[in-house]
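All values reported here derive from a predicted model rather than from experimental measurement. Note that ligands are numbered from 1 as they come in the structure, with each ligand's atoms numbered from 1 the same way. In this chain, numbering begins with 1 at the start of the sequence shown.
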Amino acid sequence: MTHADRPSLPPLRVAIIGSGPSAFYAADFLQRKATFDLEIDMFERLPTPYGLVRGGVAPDHPKIKSVTRAYERTASDPRMRFFGNVEFGRDIRHIDLIRHYHAIIYAVGAQTDRRLGIPGEDLPGSHAATEFVGWYNGHPDYCDLSFDLTQESAVVVGNGNVAMDVARILARTYEELHTTDIAPHALEALRESRIKKIYVLGRRGPAQASFTNPEIKELAELEGADVIVPPEDAKLDTLSRRYVRQADRATARNVEIIAEYSRRQPTGKPRQIIMRFLVSPVEILGTERVEAVRVVKNKLCKSADGTLRPRPTDETEVIPAGLVFRSIGYHGVALPDVPFDEVMGVIPNVEGRVIEPDGTFRTGEYVVGWIKRGPTGIIGSNKPDALETVERLLEDASAGRLLHPPQPSRAGVEELLARRQIRVVTFEDWRRIDAIERERGAAVGRERVKFTHVEDMLAALADPRREPTPS
Ligand code: NAP
């Protein structure tokens with residue numbers, strides 16, 4: 001007997017691990033498509049939901065963050081509960097979930113960065129862009145880091161949208177940042193920044209850059225920084241010219257924008273973003289800390305799969321810089337008791353169904369988002385991704401291929417977490433944190449002033465002087 005042919009069976013219970021966009025789209029599709037009674041419990045290790053929408057999207061991109069209004073509607077559905085401040089593998093384990101749920105969806109994203117693998121990478125002053133992004137967004141894991149912004153030059157390695165975010169935030173003026181929800185510590189530190197030159201290094205050419213048109217265009221709109229592209233770096237080689245003729249409009253537009261930048265003269269703004277192409281860092285130089293980056297000039301060659309790959313030449317150059325931000329992509333992290341592909345940094349799966357190393361399916365376990373497909377795509381890419389997984393889950397529910405939990409009750413998990421003395425942060429609690437942050441922001445003319453430490457969020461919730469805000 002399955003849930004699909006007997007809707008009167010006890011509700012189908014689904015645990016979702018993580019609360020970023022892919023988690024919310026999975027919950028939304030479950031709510032809309034299930035033809036039987038359903039209970040969704042979403043577990044999040046932080047007290048705050050929304051994953052990279054809160055901790056990754058740049059503070060000067062508030063429109064992108066408005067997707068959370070849809071997530072709030074999903075969270076308001078009576079079939080869904082939010083368990084914030086509950087970490088998978090520590091507060092709740094795999095073995096607990098299979099006792100309480102018919103299905104588990106992993107939506108944990110890609111938690112770490114890829115490494116360059118070059119000498120000097122660990123010198124003080126060399127940072128993963130993911131750390132800087134977490135820091136300026138007030139993510140509790142990164143808020144106590146410090147970045148030496150007394151340096152005059154910084155290098156950002158990579159040509160993706162994260163590299164654009166990092167370069168832009170380094171270049172923005174205090175006035176531009178003040179109205180955003182950037183973390184208070186980052187706002188103050190960036191106010192004192194002495195950085196004048198921000199080099200952005202692409203290992204391939206403008207035609208192969210992975211930043212998108214609005215992000216590259218936005219660099220030219222900064223109040224306090226000129227964009228500079230050396231004309232010889234903007235020039236396309238024969239292979240790239242041929243490639244652009246066949247490529248999509250967005251690629252051609254990136255090339256046009258870069259070419260236009262290369263024809264501009266600096267206007268004398270206090271900062272410069274200098275975009276270099278066809279260069280790869282080969283060594284980060286310095287004795288006590290980062291002092292410079294040695295780069296090698298590349299040329300493009302056609303690889304076996306037809307893509308144009310960078311090949312080093314004999315020509316090298318040293319770029320003086322006291323800070324390096326490695327922005328060459330995110331990488332997933334293994335979860336305890338869950339299969340993992342170390343090379344790809346994903347949970348191995350077929351259309352969202354988790355598979356074991358021997359290729360067999362893991363009953364009742366699913367995956368969505370970056371931990372399913374790798375760290376690519378924009379927020380909206382998670383919709384079709386989550387839909388595919390939910391359709392497979394519902395097919396399995398119809399075929400009776402889910403887990404058979406011995407304790408499938410709503411109260412069971414609450415009791416378990418209470419026994420373990422976990423201070424669960426509910427969605428109502430989150431609404432209070434949200435309201436307090438907005439109030440703190442309104443008081444100083446800012447969008448919100450974020451809490452950056454978990455203890456402070458929990459203390460605010462425990463503070464009897466703070467009246468719960470009606471939802
Ligand atoms: P990404 O788009 O994959 O870009 C990674 C960049 O690093 C590429 O330019 C890549 O060059 C380069 N790279 C990789 N290995 C390298 C190496 N060893 N040396 C030098 N360069 C290297 O990744 P991302 O910027 O982290 O962004 C992740 C995803 O989030 C993307 O889909 C992005 O669009 C999205 N995102 C969107 C926004 C937005 O919509 N505003 C903002 C932030 C992030 P190759 O191409 O040569 O490999």
Please confirm whether [X] comes within less than 3.5 Å of ligand 1 when only nitrogen or oxygen atoms on both sides are compared.
X	answer
Tyr330	no
Trp370	no
Asp165	no
Gly377	yes
Ala163	no
Ser210	yes

Run the salt-bridge test on Arg168 and Glu218 with the 4.0 Å N-O cut-off and return the result as yes or no. yes
For the backbone of [Y] and the side chain of [X], can you confirm whether one donor and one acceptor N or O come within less than 3.5 Å of each other?
X	Y	answer
Lys372	Asp385	yes
Arg204	Ala209	no
Arg172	Leu190	no
Thr212	Pro214	no

Parallel under 30°, tilted from 30 to 60°, perpendicular over 60°: which one fits the rings of His185 and Trp135? tilted
Hey, looking at [atom], which of [options] has the closest heavy atom?
atom	options	result
atom 45 (P) of ligand 1	Arg203, Arg168, Arg115	Arg203
atom 39 (C) of ligand 1	Gln208, Glu215, His331	Glu215
atom 22 (C) of ligand 1	Ile328, Leu201, Val295	Ile328

Would [X] count as a contact residue for ligand 1, given that I'm defining contact as a non-hydrogen atom of the residue lying under 4.0 Å from a ligand atom?
X	value
Ser280	no
Arg114	yes
Gly202	no

After noting the C-alpha distance and the side-chain angles of Tyr50 and Phe24, does the key distance pass the ring pair (Phe, Tyr, Trp, His ring centres under 6.0 Å) rule? CA-CA 8 Å; Tyr50 309 145; Phe24 272 97; 5.6 Å; yes
What do you think, any protein heavy atom under 4.0 angstrom from atom 10 (C) of ligand 1? no
Can you confirm whether some protein heavy atom lies under 4.0 Å from atom 3 (O) of ligand 1, or whether none does? no
So do the side chains of Lys197 and Arg271 get within less than 4.5 Å of each other, counting heavy atoms only? no
What's the shortest distance from atom 19 (N) of ligand 1 to any protein heavy atom, and which residue and atom give it? Leu116 CD2, 3.7 Å
Pair Phe211-Met275, side-chain contact (heavy atoms from CB on, under 4.5 Å): steps then yes or no: CA-CA 12 Å; Phe211 46 68; Met275 304 203 58; 3.9 Å; yes
Walk me through it: do Phe29 and Tyr25 pass the test ring pair (Phe, Tyr, Trp, His ring centres under 6.0 Å)? CA-CA 6 Å; Phe29 284 122; Tyr25 293 129; 7.1 Å; no
